[in-house]
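Shown next, in C-alpha cells, is the structure this report addresses.
Position 1 is the first residue of the sequence, and the numbers go up from there. Everything numeric here is computed off the predicted structure, so don't read it as measured data.
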Amino acid sequence: MKTSIKKPKNLATPGKPMSQDEFVSLIKEAEEGEFISEKEFDERFKKWRSEKKK
C-alpha cells in the first residue's frame, strides 16, 4: 500500500464539513486499493498473530 507524501487531512475535526467532491474522491481512492478475501485475511491474521507470540 502506498501512502501519499502530502500532509493528511484530519477528517475527525468537528465543525469542518467536507464537500461532496472531496467525499466522492475519498471513496474512489479507497476503491482503487488492494482487496483480499475474508479467507485470505484470516490466514494472514493467524500468521501475523503466531509471529507476534514468539
Partner residues of Glu43 under the salt bridge (Lys or Arg N to Asp or Glu O under 4.0 Å) criterion, sequence neighbours left out:
none
Who passes salt bridge (Lys or Arg N to Asp or Glu O under 4.0 Å) against Glu38, sequence neighbours left out?
none
Which residues satisfy the side-chain contact (heavy atoms from CB on, under 4.5 Å) test with Ile36, sequence neighbours excluded?
Glu34, Glu40, Phe41, Arg44
